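Please read all numbers here as calculations on a predicted model, not as lab measurements.
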Amino acid sequence: MQSNSALMPVVSAASLMDGQQPLRSADDVLAAIEGRIIQGLLGPGQRLPPVRVAAQQFGLAPNTVAAAYRKLTERGLAHGEGRRGTFVTDRGSSEQFPMRVTGADMTDLSSGNPDPRLLPDLHGAIRRIPTARVEYGTDPIDPQLAATLGAELSRDLQTSSPFVAGEDLAIVSGALDGIERVMTAHLRPGDRVAVEDPGYPSILNLMKAMSLRPVPMAIDPSGPTPGGLATALEAGARAVVLTPRAQNPTGAAVTAARAAELNAIVAGRPEVLLIEDDHAGPIAGAAHRTIIGPETRHWAVIRSVAKSLGPDLRVAGLVGDHTTVGRVINRQLLGTGWVSHLLQRTTATLLADPDRRSNFDQVAAEYEDRRRLVIDILAGHGVSAWGATGLNVWVPVADEADAVAAMQRRGYAVLAGTRFRQDSGPAIRLSIGVSDAETLADAATTLAGVLASGPRHRSA
């Protein structure tokens with residue numbers, strides 16, 4: 001995919017000197033450009049003058065200007081695109097797409113939250129946790145939680161491929177925290193990362209904040225397509241972030257056959273960092289099929305408890321190769337130090353409860369019934385939709401804005417697909433987590449009527 005930045009005019013070297021003292025060093029050039037970026041005089045995607053042109057204008061050696069550009073890249077303020085030049089980085093904003101679109105009289109099909117009626121009593125669990133004192137120097141990982149999550153992840157990964165997870169494990173504050181820490185451990189500003197398209201917008205925003213460059217990876221209901229993964233890797237992706245099941249927003253889940261196809265592709269590129277975001281865990285509605293194999297040098301699988309036990313439990317287990325996990329833990333010790341043991345012990349207590357463990361299958365079945373209800377009603381009206389696993393149904397449409405507005409007029413808040421998409425086609429996302437069957441049936445029937453009366457909907 002060609003960057004839109006290629007269409008923007010090149011910044012003139014003279015404009016970088018306006019109001020500045022003569023530039024005598026790489027640090028002077030760096031300060032001049034950085035100041036204009038901070039002031040908003042240089043915007044995302046603008047192309048800096050070629051090194052030799054800038055050097056001639058500044059009266060400096062080309063190596064001096066090249067050093068300044070390199071420092072801009074290291075700070076994440078710019079990125080190089082080979083012969084095409086150096087561009088100001090789009091660092092994005094977490095406020096770009098608010099995730100809630102509800103009003104006082106609006107039924108919320110937009111939030112993606114799990115059903116609170118299907119979550120455990122956290123207050124009761126907190127009252128049951130051990131009260132051992134935690135001090136500086138205490139092991140940052142609760143041993144009971146490490147044993148439970150470590151065994152669970154090792155079992156799932158081993159049954160999905162010939163790969164065994166091993167004993168390297170960290171506890172992080174949720175899936176996104178884990179993804180950020182793993183990418184920080186291995187990637188540098190400007191690196192390309194293959195991400196699902198459509199995919200979770202918070203990952204895209206995180207990558208912008210880290211000055212990483214997303215490469216769209218096409219998906220279908222069975223996960224990333226072999227062609228999508230191969231194309232992203234050929235485009236220079238140094239890492240791959242994928243969701244093995246309950247993919248947000250489409251509900252896609254990697255099948256055993258698809259995992260084998262994808263593993264065959266990455267096996268030939270052992271240097272590529274692989275990150276699997278298993279955010280829904282045991283309530284996803286499908287087995288965890290990993291694409292990680294013994295050839296992969298650096299990898300991580302992150303399993304959050306936010307969907308199965310509650311979003312306020314900011315806890316996720318992270319397993320990976322020895323180097324990756326070691327870097328994550330060492331960096332964590334320099335900052336937050338550890339995830340609160342109160343949260344870890346609460347999670348461990350809930351996971352150790354045999355009633356809670358058996359309840360996961362019932363919760364997964366309940367979400368499956370809700371997804372199937374919506375999909376079947378839409379199919380009965382000739383509307384195709386995705387939703388094999390997880391808490392969402394993805395409905396391709398001809399015009400997102402029209403569909404969202406029409407549903408809002410009828411009292412339903414849904415999300416436009418634009419925030420999830422890069423190159424994929426328009427769609428809307430319906431979340432089934434907080435609604436009952438009667439509400440979902442009415443919403444699906446309403447949506448079918450909206451699409452029938454509007455522009456012809458797109459097939460999946």
* Structure fact -> The reported gap from OG in S202 to CZ in R419 (rounded to nearest 0.5 angstrom) is 10.5 Å

* Just checking, is any N or O donor in the side chain of T439 or D436 under 3.5 Å from an acceptor N or O on the other one? -> yes

* Check: Q247 side chain, P198 main-chain N or O, donor-acceptor pair, under 3.5 Å -> yes

* Which heavy atom of L153 sits nearest a heavy atom of V319, and at what distance? -> CD1-CG1, 3.8 Å

* Please check if any side-chain donor atom of H298 sits under 3.5 Å from a side-chain acceptor atom of D321, or the reverse. => yes

* Look at the side chain of Q344 and the backbone N and O of P140, then say whether any donor-acceptor pair between them is shorter than 3.5 Å. => yes

* Where is the tightest heavy-atom contact between P120 and L309, given as atom of each residue plus distance? -> CD-O, 3.5 Å

* Asked: With distance as the sole test, does E400 use its side chain to make a donor-acceptor pair with the main-chain N or O of T418 at under 3.5 Å?
  -> yes

* For R181, all residues meeting salt bridge (charged side-chain N to carboxylate O under 4.0 Å, His left out), sequence neighbours excluded -> D177

* To do: Report yes or no: does D278 contribute a side-chain atom to a donor-acceptor pair with the main-chain N or O of I302 at less than 3.5 Å?
  => no

* Asked: So, do T290 and W299 sit near enough that their side-chain heavy atoms are less than 4.5 Å apart?
  -> no

* To do: Applying side chain to side chain contact (heavy atoms under 4.5 Å, CB included), run through R258 and T225 and close with a yes or a no.
  => CA-CA 8 Å; R258 178 61 55 83; T225 66; 4.3 Å; yes

* Within the distance-only criterion (no hydrogens, no angle test), does the side chain of R371 pair as donor or acceptor with the backbone N or O of G390 below 3.5 angstrom? -> yes

* Regarding N330 and R327, is there a side-chain donor-to-acceptor distance under 3.5 Å anywhere? -> no

* Structure fact -> dist Q332:CD -> I329:CD1 (nearest 0.5 Å) comes out at 7.0 Å

* To do: List for me each residue that meets side-chain hydrogen bond (donor to acceptor under 3.5 Å, both in side chains) alongside S308, sequence neighbours excluded, and say none if there are none.
  => none

* CG/L350 to CG/L119 distance, rounded to the nearest 0.5 angstrom? -> 10.0 Å

* Does E366 pair with R117 as a salt bridge, N-O distance under 4.0 Å? -> no

* Approximate separation, where rounding is to 0.5 Å, of D277 CG and I275 CD1 -> 9.5 Å

* Taking the side chain as every heavy atom from C-beta outward, state whether N392 and L415 have any pair of such atoms under 4.5 Å apart. => no

* Asked: Do you know which two heavy atoms are closest between M207 and R213, and how far apart they sit?
  -> CE-C, 3.6 Å

* Structure fact -> With T243 as partner, the option from E276, H279, E196 fulfilling side chain to side chain donor-acceptor pair (under 3.5 Å) is E196

* Asked: Do R356 side-chain atoms and A352 backbone N/O form a donor-acceptor pair below 3.5 Å?
  -> no

* For D191, side chain to side chain contact (heavy atoms under 4.5 Å, CB included) partners two or more places apart -> L187, R188, L212, R238

* To do: Could you check if a side-chain atom of V434 sits within less than 4.5 angstrom of a side-chain atom of P116, using non-hydrogen atoms only?
  => yes

* Asked: Do you see a donor-acceptor pair shorter than 3.5 Å between the side chains of H186 and T324?
  -> yes

* To do: For the pair E261 (side chain) and P226 (backbone), establish whether a donor and an acceptor sit closer than 3.5 Å, ignoring hydrogens and angles.
  => no

* Look only at the side chain of R345 and the backbone of I129, and say whether a donor-acceptor pair between them is shorter than 3.5 Å. => no

* Asked: Would you say P224 and L262 make side-chain contact, with heavy atoms under 4.5 Å?
  -> yes

* Asked: Should we say atom CG of D139 is surrounded by more than 12 heavy atoms from elsewhere, each under 6.0 Å from it?
  -> yes

* Do V414 and L447 come close enough that some side-chain heavy atom pair is under 4.5 Å? -> no

* Would you say the side chain of L169 lies within less than 4.5 Å of the side chain of V325, judging by non-hydrogen atoms? -> no

* Asked: Could you walk me through whether R429 and N248 pass the side chain to side chain contact (heavy atoms under 4.5 Å, CB included) check?
  -> CA-CA 9 Å; R429 191 194 78 172; N248 191 353; 2.9 Å; yes

* **Any donor-acceptor N/O pair, R370 side chain to S435 backbone, under 3.5 Å** => yes

* Heavy-atom closest contact (L440 atom, S431 atom, distance) -> CD2-O, 4.4 Å

* What are the two closest non-hydrogen atoms of H381 and I377, and how far apart are they? -> ND1-O, 2.9 Å

* Any side-chain heavy-atom pair of L229 and R269 under 4.5 Å -> no

* To do: For residues I375 and R372, determine if any side-chain heavy atom of one lies less than 4.5 Å from a side-chain heavy atom of the other.
  => yes

* **Under 3.5 Å side-chain donor-acceptor pair for D115 and Y367** => no

* How long is the gap from CD1 on I283 to CG on D361, to the nearest 0.5 Å? -> 11.0 Å

* To do: Taking T138 for its side chain and E135 for its backbone only, find out whether a donor-acceptor pair lies under 3.5 Å.
  => yes

* Asked: Looking at CG of L391 and CG of N113, how far apart are the two atoms once the value is rounded to the nearest 0.5 Å?
  -> 9.0 Å

* To do: Please report the C-alpha distance between L318 and V182 in whole Å, then the side-chain angles of each, then the deciding distance to 0.1 Å, and finally whether the side chain to side chain contact (heavy atoms under 4.5 Å, CB included) criterion is met.
  => CA-CA 9 Å; L318 185 156; V182 173; 3.7 Å; yes

* Asked: Between V374 and L378, is a side chain to side chain contact (heavy atoms under 4.5 Å, CB included) present by the stated rule, with each step listed?
  -> CA-CA 6 Å; V374 172; L378 290 173; 3.9 Å; yes

* Structure fact -> Between V395 and A385, the two heavy atoms sitting closest are CG2-CB, 4.0 Å

* E271 atom CD: more than 12 heavy-atom contacts under 6.0 Å -> yes

